[in-house]
2 protein chains.
Amino acid sequence: MGIVERKEREREEMRRLILGAAQKLFIANGYEKVSIRNIADEIEYSPATIYLYYKDKNELLYALHQRGFQKMVEEFQPILTLTNPFEKLVAMGRSYIQFAVANPELFDLMFIMTAPMETLEKEDWEEGDRAFNLLMQVVQECIDANVFRKQDPQVAAMMIWSGIHGYTALFLRKRMHMFPECDRQQIMDDAFQLFCDTIRRGL
Amino acid sequence: MGIVERKEREREEMRRLILGAAQKLFIANGYEKVSIRNIADEIEYSPATIYLYYKDKNELLYALHQRGFQKMVEEFQPILTLTNPFEKLVAMGRSYIQFAVANPELFDLMFIMTAPMETLEKEDWEEGDRAFNLLMQVVQECIDANVFRKQDPQVAAMMIWSGIHGYTALFLRKRMHMFPECDRQQIMDDAFQLFCDTIRRGL
DNA sequence: TTGTTTACTAAACAGTGTTCAGTAAGTTTG
DNA sequence: CAAACTTACTGAACACTGTTTAGTAAACAA
């Protein structure tokens with residue numbers, strides 16, 4: 001009897017339905033319009049039903065954050081074919097920023113909002129770990145190619161990620177509002193370029 | 001007749017009372033416990049009264065964010081007496097991180113949360129501008145002292161700020177949860193050190 | 001066919017920011 | 001001093017939020 005299997009499938013189907021509705025609302029109207037009631041309306045179920053498939057809103061946001069990582073990893077795929085390790089690194093940084101500017105709300109969910117992270121209690125952040133390891137690998141390639149001096153790739157990767165993440169976070173969270181609006185993008189680009197040049201020379 | 005002056009004083013007094021209560025709740029219980037109703041309870045007024053002194057919650061949060069900057073600038077004061085410009089820069093970075101770790105909620109309000117920034121419509125972010133100029137000045141000193149090569153101090157300052165802000169934001173928003181808890185502080189410190197060494201060599 | 005499990009929901013709880021009509025005290029004017 | 005006006009304040013409501021619980025109807029197992 002395949003009943004339990006069918007039920008399992010239906011359950012998975014329902015989780016996808018909920019998540020899909022959440023994603024739709026999220027992309028169309030931004031984070032603040034994604035309420036349990038709005039999701040419930042969208043799929044024509046009662047709000048309480050959602051709690052039968054996700055423990056709470058944070059868990060749902062974590063699942064959405066996972067979809068964000070999937071999308072990001074897909075977009076990063078072409079870069080991995082580059083042969084020059086430093087160029088690869090720069091391309092990754094540029095893509096990180098581009099992804100953030102093109103999908104600000106999704107990026108926010110992935111790297112800034114605390115809500116989705118509240119679900120991880122003891123176990124670690126898998127999506128982050130995979131993405132970080134990808135970066136670390138490229139840093140190692142740069143070290144092997146003598147672009148960077150010999151050092152701990154973990155620390156170097158952390159430093160690079162922080163550097164790139166810095167503007168992105170400041171920009172998205174409106175912390176470049178001391179500059180006139182027209183200049184902001186330019187300053188960000190210049191600062192990114194300068195960061196690349198600096199680690200090229202100094203790391 | 002000094003009545004309008006007295007009323008003005010009383011108004012200012014009331015704004016301080018409200019802000020003080022908000023600050024108290026904020027420091028004692030963190031951001032999520034700071035609701036208009038809680039503030040009203042604290043000062044023994046009705047919630048509606050608060051709206052006679054602050055346009056909305058964002059304006060109140062902006063005022064709180066200003067207090068944060070005051071506190072931060074105070075803590076930065078001793079550093080400005082240092083004579084070596086590069087040492088001064090490193091000390092500023094270290095203090096930025098220390099401030100964030102010691103006052104995570106306040107730092108969040110100052111540099112991560114969007115709510116307080118929603119009040120600025122066309123006018124720019126004064127507190128940010130002042131702090132950034134302070135940094136830019138020190139960067140200029142480093143250029144003058146030939147520690148850094150000749151370049152646009154604005155872009156260089158932006159790059160440095162982003163670099164430092166990066167870990168801080170990632171750390172506070174739980175994006176170092178791929179590392180075991182005991183290692184996080186160490187990795188952050190190492191990455192900070194590496195960032196300092198790198199800009200020393202490459203900027 | 002009876003008994004049990006599963007899937008779902010209406011309604012409530014406890015909170016949130018914000019607005020508005022109404023009141024009471026303070027101030028000015030005749 | 002009394003009447004008119006102004007200011008300061010509040011109770012109650014509005015429209016939301018996440019979440020829980022008791023109860024129902026359908027699906028399944030015995």
Side-chain angles (χ1 to χ4, degrees), chain A residues 1-19 21-22 25-26 28-65 105 109 113-119, chain B residues 1-19 21-22 25-26 28-65 105 109 113-119:
Chain A
M1 56 172 87
I3 284 183
V4 307
E5 285 85 349
R6 198 203 65 212
K7 295 249 161 158
E8 188 59 40
R9 269 204 319 276
E10 282 175 352
R11 193 181 159 75
E12 216 43 58
E13 184 59 36
M14 190 65 167
R15 279 175 68 95
R16 258 203 304 281
L17 185 69
I18 294 168
L19 198 58
L25 288 172
F26 198 86
N29 315 104
Y31 170 69
E32 58 190 311
K33 293 284 169 198
V34 183
S35 71
I36 300 292
R37 277 173 182 82
N38 287 147
I39 297 170
D41 275 1
E42 182 71 28
I43 60 173
E44 297 176 293
Y45 278 83
S46 103
T49 302
I50 290 172
Y51 288 90
L52 301 172
Y53 296 91
Y54 290 96
K55 185 178 136 282
D56 55 24
K57 199 185 177 183
N58 288 343
E59 197 177 284
L60 211 155
L61 289 177
Y62 189 83
L64 219 50
H65 133 288
E105 305 259 14
L109 198 59
M113 284 181 52
T114 42
M117 306 315 271
E118 307 290 356
T119 54
Chain B
M1 58 172 87
I3 284 183
V4 306
E5 285 87 347
R6 197 204 67 210
K7 294 247 161 158
E8 189 59 41
R9 269 205 319 276
E10 281 174 354
R11 192 179 161 75
E12 216 42 59
E13 183 60 35
M14 189 66 168
R15 279 175 67 95
R16 257 204 303 281
L17 185 69
I18 293 168
L19 198 59
L25 288 172
F26 198 87
N29 315 104
Y31 169 70
E32 60 190 307
K33 293 284 171 198
V34 183
S35 71
I36 300 291
R37 279 172 181 81
N38 285 1
I39 297 169
D41 275 0
E42 182 71 30
I43 60 173
E44 297 176 294
Y45 277 82
S46 106
T49 301
I50 290 170
Y51 287 88
L52 302 172
Y53 296 91
Y54 289 95
K55 185 177 137 282
D56 55 22
K57 199 185 176 181
N58 288 344
E59 198 177 283
L60 211 155
L61 289 177
Y62 189 83
L64 218 50
H65 132 287
E105 306 258 14
L109 197 60
M113 285 182 53
T114 42
M117 306 314 272
E118 308 289 356
T119 54

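The sequence lines fix the lettering, A, B, ..., with proteins before strands; numbering per chain opens at 1.
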Cationic N near anionic O, under 4.0 Å, B:Glu12 to B:Arg9: no
Any non-hydrogen side-chain atom of A:Leu60 less than 4.5 Å from a side-chain atom of A:Leu19? yes
- Side-chain ion pair, B:Glu8 and B:Arg11, N-O less than 4.0 Å: no
Atom CD1 of B:Ile50 and atom C1' of C:dC20 are separated, to the nearest Å, by 17 Å
Between CG of A:Asn58 and P of D:dT17 the distance, given in whole Å, is 16 Å
Rounded to whole Å, the CG-C1' distance (B:Leu17 to D:dC9) equals 14 Å
Rounded to whole Å, OH of B:Tyr53 lies from P of D:dT7 at a distance of 13 Å
Just the atom pairs and distances: protein N or O near nucleotides 23-26 of chain C's N or O, under 3.5 Å.
none

Separation of D:dA12 atom P from B:Tyr51 atom OH, nearest Å, is 19 Å
### Message
I'd like to know whether CD of B:Glu44 has more than 12 heavy-atom contacts from other residues, nucleotides or ligands below 6.0 angstrom.
### Response
no
So, with a heavy-atom separation below 4.0 Å from DNA chain D, the residues of residues 31-39 of chain A are A:Val34, A:Ser35, A:Ile36, A:Arg37, A:Asn38
The nucleotide from C:dG17, D:dC9, C:dA7 with an atom nearest the side chain of B:Lys57 is C:dG17
Has the side chain of B:Tyr54 got a donor or acceptor atom that lies under 3.5 Å from a matching backbone atom of B:Leu61? no
In whole angstroms, the gap separating P of C:dA7 from CG of A:Leu52 amounts to 8 Å
Whole-Å distance, B:Leu60 CG to C:dT16 P, equals 15 Å
5'-most contact on DNA chain D (nearest-nucleotide basis), A:Ala48 vs B:Glu44, goes to B:Glu44
For A:Tyr54, answer base if it contacts any base atom (sugar-phosphate contacts may also be present), sugar-phosphate if it contacts only those atoms, and nothing otherwise; contact means non-hydrogen atoms under 4.0 Å. nothing
Using side-chain heavy atoms (C-beta onward) and a distance below 4.5 Å, is A:Leu109 in contact with A:Pro116?
yes
(message) Whether A:Ser46 contacts C:dC8 is assessed here as follows: a side-chain N or O lying under 4.0 Å from the phosphate OP1 or OP2. Is that the case?
(response) no
task = For residues A:Tyr45 and A:Leu17, determine if any side-chain heavy atom of one lies less than 4.5 Å from a side-chain heavy atom of the other.
result = yes
Taking every heavy atom of B:Lys33 against every heavy atom of B:Asn38, the minimum-distance pair comes out as O-ND2, 2.7 Å
In whole angstroms, the gap separating P of C:dC8 from CZ of A:Arg11 amounts to 10 Å
May I ask you to test the A:Glu118-A:Asp56 pair for a side-chain heavy-atom distance under 4.5 Å?
no
